[in-house]
Amino acid sequence: MTDLRAQVRERVVAALELDAAEQQALLLQPPKNREHGDIALGCFALAKLRGVAPPQLAAELAARFVADDTIESASAAGPFVNFRFHRAALARMAVAGVLRSESPFAPTPPAAGSPAIVIDFSSPNIAKPFHMGHLRSTVIGAALGRIHRHLGNRVEGVNHLGDWGMPFAKMMTAWMRFGDEAELHRSPMRHMFDLYRRYGDEAKAHPELDDEAAAHFRALESGADNEERRMWQFLRDESLKAFQGPYDRLGVTFDHFTGESFYEDRMEAAMQRVAAAGVLEVDDGAEVVKLDALGIKVPCILRKSDGATLYHTRDLAAAFYREATFRPSRILYIVGAEQKLHFEQLRGVLKRMGEPLADKIEHVPFGLILARNEETGKWEKFASRGGNAIFLDEVLDEAVANVRRIIAEKNPDLDDPDEVAEQVGVSAIVFNDLKNSRIKDVKFDWEQMLNFDGETGPYVQYAVARLAGILRKLDVDPDAGAALCDGVDYALLADAEQVLLTMLEFGDTVQRAAEQSEPSLVTALTIRLAGDIHAYLRDHHVLRAEPDVQRARTALVAAARQLLRTALGLIGVAAPDRM
RNA sequence: GCGCCCAUAGCUCAGUUGGAUAGAGCAUCGGAUUUCUAAUCCGACGGUCGCAGGUUCGAGUCCUGCUGGGCGUGCCA
């Protein structure tokens, strides 16, 4: 609620002549019960600083406050002061703010020379199909990228592909042992997935396969132009081609496709830096950095006893590279919560080296995707090897097909049902993933995922479609923007205060989403705004309204549609005007 | 064993540096459509916020212990 807060804050600071410390303690919040006012100040912290009782300070502030043409009143209620805005001012801030593309409703242009936010996300392992497990990192990272760009930050989105190391070496081993040339060229990803499962089965009985894989990895890392290298290149190319499908459907793009292999010739320099800092030790033949002093019991291994590099080695080289190339203020790693230790170790190594870079490393963890075990009824982690990995395309197709059925039933005359079904279906899956706090596990439930009633993507999209429908009937260009503000009497929108107040929370919400790396805050706001709109439209007709009222409501409808589209856009959800 | 995360309505979840009477959706039940898209709206039902202490004027929120579930725990990523 950037605008409301700022205005009240300014007035309170002036009324009470607050010093810097007191201003820090000034906490403005929307009241739980909106009948109290539009924004409230709990006087507890402030009163403590001044050594007076909170109700007394509240009363004093309310008495000193002078109403103006923006803030209508300030009234004390016990230890709280409730501020109320003139309804016209509220409407003007929200509706004109949106339609005139003012901050924070429109993207802020990036400031010259501002530091970058690097976002390491998606990062699937090559030679494996893109499955549900990859969805979370992909949509959370993409949403955070858009949110930061909206705020005017420079963003470098990096797909840190798993195209190096043992997982890949295992795939290569499977290929050399069980691969079928014709099959590979006919359906590369399918064949690779079969090989992957076969390796898993065979390795149980024959652990020596892992030794073979390790040998293949050493051969690849030797840099020689050999069979391993040719295989690596082929599988990498095929995988990237295959991944492009899901990325296109999700509308996700990257600035860089620098996978682990990119750091092949940068790891040596990174190792030398660690050695030069004097923190590298040899333990059981491996080169490690001990982190006990930082409270991390497990040392960070940077080179195996057989000389091969590891995940940590590449992440360290990547951190150095990104620092030098992008000059970032933050490097966000959108990686599952189960890898928390990995990033603590990475930070730990940098800390022990005395690198300020350590504080820029931010692991943004998220919960697992769980499947229901039909026998026990309990939620369990997906066993990707057990063959119950669900391909993303499969889920998207199912959602789209379901939308297609609903369209046939509810809106059979729609011009482009397949296109709309794709938009709505894919969005439903993305929306569902970004709905809850990212740290929560996502329970993969077909029934719930395909139910489009209530707090879902289609619910919010439907609000946009209703709003667009009204503008269409009015013969108003939905994107007319500022022109729609002409001659509007904002006082006539007093009955839309719930919608307006929610709209005014947008700026603060986006800000918090960026700070906390929590896109679900934006998702939740779209649900609330859509709900407010749906409720408002029930009792407030636009087409049948008197001319003055119609003009004001038209502006409101256009602004609400535009803001919903902006907010949905941030989380990667498209909003068609008809559905 | 140790470390970390989670626990709020039957289910899935919100709850903003601790603040006013703990809120939604799903499910169930009841109602609203000659009126801008009923993928909607309105209402009802539903809570010892896992348990026990503690800090505080005030705790779902902070601290300690416990219980239950999950994840992780040197040569995988």
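What you see below is based on every heavy atom in this structure, not just the backbone, and it leaves out hydrogens, waters and symmetry mates.
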Chemist: How far does the P atom of B:rG46 sit from the matching atom of B:rG10, given to the nearest Å?
Modeler: 11 Å

Chemist: Have a look at A:Arg578 and say if it touches a base, only the backbone sugar-phosphate, or nothing, with a 4.0 Å heavy-atom cut-off.
Modeler: base

Chemist: Once each nucleotide of nucleotides 12-19 of chain B is scored for protein heavy atoms under 4.0 Å, what B/S/- sequence comes out, 5' to 3'?
Modeler: SSS-BB-B

Chemist: So, using ring pair (Phe, Tyr, Trp, His ring centres under 6.0 Å) as the criterion, who are the partners of A:His160 when residues are at least two apart?
Modeler: A:Tyr263

Chemist: Base, sugar-phosphate, or nothing for A:Asn432, non-hydrogen atoms under 4.0 angstrom?
Modeler: nothing

Chemist: Enumerate all atom pairs, one protein N or O and one N or O from nucleotides 73-75 of chain B, separated by less than 3.5 Å.
Modeler:
| from | atom 1 | to | atom 2 | distance (Å) |
| --- | --- | --- | --- | --- |
| B:rC75 | O2 | A:Ser305 | N | 2.8 |
| B:rC75 | O2 | A:Ser305 | OG | 3.4 |
| B:rC75 | N3 | A:Ser305 | OG | 3.4 |
| B:rC75 | N4 | A:Asp284 | O | 2.9 |

Chemist: Using a heavy-atom cut-off of 4.0 Å across all strands, would you classify A:Asp413 as base, sugar-phosphate, or nothing?
Modeler: nothing

Chemist: For A:Gly162, which contact category applies under a 4.0 Å heavy-atom criterion: base, sugar-phosphate, or nothing?
Modeler: nothing

Chemist: Work out how far the C1' atom of B:rU17 is from that of B:rC62, and round it to whole angstrom.
Modeler: 12 Å

Chemist: Using whole Å, what does the distance between atom P of nucleotide B:rC76 and atom NZ of A:Lys128 come to?
Modeler: 14 Å

Chemist: What does B:rG72 pair with, Watson-Crick or G-U, if both distances are under 3.5 Å?
Modeler: B:rC2

Chemist: Not counting sequence neighbours, which residues clear ring pair (Phe, Tyr, Trp, His ring centres under 6.0 Å) with A:Phe431? List them please.
Modeler: none

Chemist: Testing A:Leu310, A:Leu346, A:Val349 one by one against A:Asp315 for a side chain to side chain contact (heavy atoms under 4.5 Å, CB included), which residue passes?
Modeler: A:Leu346

Chemist: Would you tell me if any nitrogen or oxygen in the side chain of A:Lys340 comes within less than 4.0 Å of OP1 or OP2 on B:rC4?
Modeler: no

Chemist: Looking only at heavy atoms, what is the nearest atom pair of A:Thr138 and A:His134, with distance?
Modeler: OG1-O, 2.7 Å

Chemist: Does the separation of the ring centres of A:His36 and A:Phe80 fall below 6.0 angstrom?
Modeler: no

Chemist: Which residues within residues 547-554 of chain A lie with some heavy atom under 4.0 Å of an atom in RNA chain B?
Modeler: none

Chemist: Using a heavy-atom cut-off of under 4.0 Å over every strand shown, decide if A:Lys410 touches base, sugar-phosphate, or nothing.
Modeler: base

Chemist: Considering every strand and a 4.0 Å limit on heavy-atom distances, what is the contact class for A:Gln339: base, sugar-phosphate, or nothing?
Modeler: base

Chemist: What nucleic acid atoms does A:Leu467 come within less than 4.0 Å of, heavy atoms only: base, sugar-phosphate, or nothing?
Modeler: nothing

Chemist: For the P atoms, the ones on B:rG68 and on B:rU28, what distance do you get once it is rounded to whole angstrom?
Modeler: 35 Å

Chemist: Quick one: is B:rA38 close enough that its OP1 or OP2 comes under 4.0 Å of any side-chain N or O from A:Arg466?
Modeler: yes

Chemist: Are A:Arg34 and A:Glu505 close enough for a salt bridge, meaning some N to O gap below 4.0 Å?
Modeler: yes

Chemist: Which residues satisfy the ring pair (Phe, Tyr, Trp, His ring centres under 6.0 Å) test with A:His206, sequence neighbours excluded?
Modeler: none

Chemist: Looking only at atom C1', what distance separates B:rG50 and B:rG70, rounded to whole Å?
Modeler: 15 Å

Chemist: Check the distance between B:rA77's P and A:Asp163's CG and give it to me in whole angstrom.
Modeler: 12 Å

Chemist: With A:Ser427 as reference, evaluate A:Thr456, A:Leu568, A:Val573 under the side chain to side chain contact (heavy atoms under 4.5 Å, CB included) test and give the passing residue.
Modeler: A:Val573

Chemist: Enter syn or anti for the glycosidic conformation of B:rG74, syn applying to angles within 90° of 0.
Modeler: syn

Chemist: Describe the nucleic acid contact of A:Pro167 in one word from base, sugar-phosphate, nothing, applying a heavy-atom distance below 4.0 Å.
Modeler: sugar-phosphate

Chemist: One thing to verify: whether A:Arg472 and A:Asp577 come together as a salt bridge, which I'm taking to mean a side-chain N less than 4.0 angstrom from a carboxylate O.
Modeler: no

Chemist: Just call it for A:Ile527: base, sugar-phosphate, or nothing, with non-hydrogen atoms closer than 4.0 Å on any strand.
Modeler: nothing

Chemist: 5'-most contact on RNA chain B: A:Glu338 or A:Lys48, nearest heavy atom basis?
Modeler: A:Lys48

Chemist: Do A:Arg553 and A:His540 have a side chain donor and acceptor closer than 3.5 Å?
Modeler: no

Chemist: Would A:His342 count as stacking on B:rA77 if stacking means ring centres less than 5.5 angstrom apart and planes tilted under 30 degrees?
Modeler: no

Chemist: Between A:Ser520 and A:Arg438, do the side chains contain an N or O donor and an N or O acceptor separated by less than 3.5 Å?
Modeler: no

Chemist: Using the C1' atoms only, state how far B:rC6 lies from B:rU40, rounded to an integer number of Å.
Modeler: 35 Å

Chemist: Give a yes/no on whether any side-chain N or O of A:Tyr459 is located under 4.0 angstrom from OP1 or OP2 of B:rC41.
Modeler: yes

Chemist: Would you mind classifying the nucleic acid contact of A:Ala465 as base, sugar-phosphate or nothing, using non-hydrogen atoms under 4.0 angstrom?
Modeler: base

Chemist: Figure out the CD1/C1' separation between A:Ile533 and B:rC36, and round it to whole Å.
Modeler: 13 Å

Chemist: Quantified in whole Å, what is the C1' atom distance between nucleotide B:rA24 and nucleotide B:rA52?
Modeler: 31 Å

Chemist: Would you mind reading off the distance between A:Glu344 atom CD and B:rC71 atom C1', rounded to a whole angstrom?
Modeler: 13 Å

Chemist: Whole angstroms only, please: what is the CE-P distance between A:Met449 and B:rA39?
Modeler: 22 Å

Chemist: Contact class for A:His160 vs. all strands (heavy atom < 4.0 Å): base, sugar-phosphate, or nothing?
Modeler: nothing

Chemist: Given the P atoms of B:rA39 and B:rA20, what is the spacing between them in whole Å?
Modeler: 37 Å

Chemist: Between A:Arg544 and A:Glu260, which has a closest nucleotide on RNA chain B that is more 5'?
Modeler: A:Arg544

Chemist: From the set B:rC42, B:rA39, B:rA20, return the single nucleotide nearest to any side-chain atom of A:Phe452.
Modeler: B:rA39

Chemist: Tell me whether A:Glu455 is salt-bridged to A:Lys435, with the criterion being a basic N under 4.0 Å from an acidic carboxylate O.
Modeler: no

Chemist: By the 4.0 Å heavy-atom rule, please label A:His541 as base, sugar-phosphate, or nothing.
Modeler: base

Chemist: Check whether the side chain of A:Asp453 and the base of B:rA38 form a donor-acceptor pair under 3.5 Å.
Modeler: no

Chemist: Between B:rC4 and B:rG43, how many Å separate the two C1' atoms, rounded to a whole number?
Modeler: 44 Å

Chemist: For A:Tyr459 together with A:Phe452, are the ring centres under 6.0 Å from each other?
Modeler: no

Chemist: How many whole angstroms separate atom CG of A:Leu370 from atom P of B:rG70?
Modeler: 10 Å

Chemist: Salt-bridge test for A:Glu422 and A:Arg404: reply yes if a basic N is under 4.0 Å from a carboxylate O, no otherwise.
Modeler: no

Chemist: Rounded to whole angstroms, how far apart are CG on A:Leu291 and P on B:rC4?
Modeler: 16 Å

Chemist: Would you call A:Lys340 and A:Glu344 a salt bridge, taking side-chain N to carboxylate O under 4.0 Å as the test?
Modeler: yes

